[in-house]
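Here's the structure, in structure tokens; my notes come after.
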Amino acid sequence: MRLNFITSSDVDSVQFYLGGKQVCVERNEVSSRVLCRLSSESESIEDISFSKESMDSCLVSEDYPRWIYIGCALDEKDKIGTDSLELSVRVFSGEKSETVKMSAGVLGGNHYNVVSEQDTSKWYGAMASAWVSGYNYYGPSSRWNRVGCFDGYCLAAHTIDEQQFCYDK
């Protein structure tokens, strides 16, 4: 299972919870990346480190926002079942934090994106273009299933390729 949080808003960090238990804290730490355009001479989007200095180097426009991409992967060693679990995300920004509970259950073997509702069309539209090639490993955005939107965030799912999900015991 892979969990991602994607937004063009300022976010400091995110915590993921499955069935009320925080995940991605020990073995599979959360990785944070920034996707943005660095040069006005190129339309390509770069994957850069999550730091104030690197984010300041982004050229931001209506067509090319700065994306904050926070995620982690879970596998059998995390003892997360394949049964449906409620996903919650705690979002930290400055002095504030908010918890978003996704009323839909999540299942093992899937890749989930939690995208701020205001960003969904721009993110999935961008996925259809070449500039997010490293983040478009499931093909076009039309292959993602929209699960629903909750408290300003939308959940989309895609089944992970069987070869990635299956493992020898």
Side-chain angles (χ1 to χ4, degrees), residues 1-17 22-25 28-74 87-104 106 110-161 164:
M1 177 185 300
R2 177 137 187 96
L3 304 172
N4 293 316
F5 180 86
I6 303 162
T7 185
S8 64
S9 301
D10 288 331
V11 169
D12 296 324
S13 65
V14 169
Q15 294 173 342
F16 295 100
Y17 295 84
Q22 187 176 0
V23 295
C24 305
V25 289
N28 296 347
E29 293 183 14
V30 172
S31 64
S32 302
R33 305 295 301 161
V34 174
L35 302 171
C36 70
R37 190 169 160 214
L38 297 176
S39 167
S40 60
E41 297 172 10
S42 170
E43 291 187 9
S44 68
I45 301 300
E46 303 294 328
D47 179 344
I48 61 175
S49 65
F50 185 81
S51 69
K52 171 122 177 68
E53 296 78 28
S54 64
M55 285 192 278
D56 287 344
S57 67
C58 293
L59 297 177
V60 178
S61 70
E62 183 66 31
D63 292 332
Y64 296 96
R66 179 192 66 211
W67 296 103
I68 295 176
Y69 187 96
I70 302 171
C72 74
L74 301 166
L87 171 64
S88 297
V89 181
R90 189 163 183 201
V91 182
F92 297 89
S93 182
E95 303 268 328
K96 298 188 291 184
S97 74
E98 67 175 315
T99 300
V100 180
K101 292 186 179 186
M102 305 288 160
S103 297
V106 296
N110 287 323
H111 184 140
Y112 292 94
N113 282 345
V114 177
V115 182
S116 59
E117 193 166 6
Q118 69 188 23
D119 290 335
T120 54
S121 63
K122 190 165 290 249
W123 172 257
Y124 287 105
M127 283 185 64
S129 69
W131 68 259
V132 204
S133 60
Y135 291 82
N136 190 14
Y137 31 74
Y138 296 128
S141 58
S142 61
R143 293 182 57 196
W144 284 82
N145 296 315
R146 183 175 169 162
V147 177
C149 295
F150 312 91
D151 295 327
Y153 294 89
C154 296
L155 180 64
H158 195 291
T159 302
I160 293 176
D161 183 299
Q164 288 181 312

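Atoms considered below: every heavy atom in the structure, side chains included; atoms not considered: hydrogens, waters and symmetry mates. Residues take their numbers from the sequence shown, with the count starting at 1.
Nearest approach of S88 to T99, heavy atoms of both residues: CB-CG2, 4.4 Å. Residues S40 and L59 approach most closely at N-CD1, 3.2 Å, considering heavy atoms. Nearest heavy-atom pair across R2 and Y69 is NH2-CE2, 4.4 Å. N4 and G71 get closest at one heavy-atom pair: OD1-CA, 3.3 Å.
Between the CD1 atom of I70 and the CZ atom of F92 there is a distance of 11.0 Å, given to the nearest 0.5 Å. Here the CE atom belonging to M1 is positioned 5.5 Å from the OH atom belonging to Y112, to the nearest 0.5 angstrom. A distance of 10.5 Å separates CG in L155 from CG in N145, rounded to the nearest 0.5 Å. In this structure, CZ in R37 is found 11.5 Å from SG in C58, a value given to the nearest 0.5 Å.
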- Message: side chain to side chain contact (heavy atoms under 4.5 Å, CB included), that's the test. Do C24 and L74 meet it? Break it down for me.
- Response: CA-CA 7 Å; C24 305; L74 301 166; 3.9 Å; yes
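Looking at M102 and V114, their side chains come closer than 4.5 Å, going by heavy atoms from C-beta outward. Under the 4.5 Å side-chain criterion, counting only non-hydrogen atoms from C-beta, I68 is not in contact with S32.
K96 meets the salt bridge (Lys or Arg N to Asp or Glu O under 4.0 Å) test with no other residue; sequence neighbours excluded.
Within the 3.5 Å criterion, the main-chain N or O of G148 finds no donor-acceptor partner in the side chain of R146. Looking at K122, its side chain does come within 3.5 Å of a backbone N or O of E62 through a donor-acceptor pair.
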Using a 3.5 Å cut-off and no angle test, enumerate the donor-acceptor pairs between side-chain atoms of residues 5-16 and protein atoms at least two apart in sequence or in another chain.
| unit_1 | atom_1 | unit_2 | atom_2 | d |
| --- | --- | --- | --- | --- |
| T7 | OG1 | S9 | N | 3.0 |
| T7 | OG1 | S116 | OG | 3.4 |
| T7 | OG1 | D119 | OD2 | 3.4 |
| S8 | OG | D119 | OD1 | 2.8 |
| S8 | OG | D119 | OD2 | 3.1 |
| S9 | OG | Q118 | NE2 | 3.2 |
| D10 | OD1 | R66 | NH2 | 2.3 |
| D12 | OD2 | G94 | N | 2.5 |
| Q15 | OE1 | Y17 | OH | 2.7 |

